[in-house]
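The structure under discussion appears below in the form of structure tokens.
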Amino acid sequence: MSNTPLVIERILDAPVNAVWEAITDKDKMKQWYFDLSAFSPTVGFEFSFSGGSETKQYLHHCKITEVIPGKKLSYTWRYEGYPGNSEVTWELTAEGKKTKLTLTHTGLHTFPSGEDSNFGVASFTQGWTYIIGTSLPEYLAKQAVAQ
């Protein structure tokens, strides 16, 4: 597997502050991302959650490595019981009243290849495309209507 990072960009129909809150508030994250028992956008904060396919769930372990409020959030991403370490970075840029979100997931090549198709680039691409292309925009649209 190539060590090329997975990068997905989207323009979201919401201001940066709304997107920042959506990616850093555990109660908001639960509505579109994963159900985290605890989360704090603080360097060194560790969190875990379960996620995966209908047939197999994985325990994810993450640790926040960088926070620039309103602009950037990075955290490590690994799986309990499997080798490999990666990092997810969310970068936000104002585009008028909208937000450009750039999601970068590096280190995918460190996960087991061939052993489990859920660790393949295609699986990560499908998952992140759904999360930031469908789930997050739908959540933000509901929040805009509610305000």
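Looking only at atom types and distance, the side chain of His60 has no donor-acceptor partner in the side chain of Ser50 under 3.5 Å away.
Under a 4.0 Å N-O distance rule, the pair Glu91/Lys71 does not qualify as a salt bridge. Comment: Lys28 engages Glu21 in a salt bridge, judged by a side-chain N to carboxylate O separation of less than 4.0 angstrom.
Taking all atoms of both residues into account, the shortest heavy-atom contact from Leu59 to Ser48 is CD1-CB, 4.2 Å. Heavy atoms only, all atoms of each residue included: Met29 and Leu36 are closest at CE-CD1, 3.4 Å. Smallest separation of non-hydrogen atoms from Ile131 and Pro137: O-CD, 4.2 Å.
Under the 30°/60° scheme for interplanar angles, the aromatic rings of Phe45 and Phe47 are found to lie parallel. Relative orientation of the Phe49 and Tyr33 rings is tilted, given thresholds of 30° and 60° on the angle between their planes. Aromatic ring orientation, Tyr75 versus Trp77: parallel (interplanar angle below 30°, classes split at 30° and 60°).
Of the possible polar contacts, one joining the Thr76 side chain to the Lys63 backbone as a donor-acceptor pair under 3.5 Å is found.
Between Tyr82 and Pro112, some side-chain heavy-atom pair lies under the 4.5 Å cut-off.
Residue Glu87 forms a side-chain hydrogen bond (donor to acceptor under 3.5 Å, both in side chains) with just one option from Thr104, Thr106, Thr65, and that option is Thr65.
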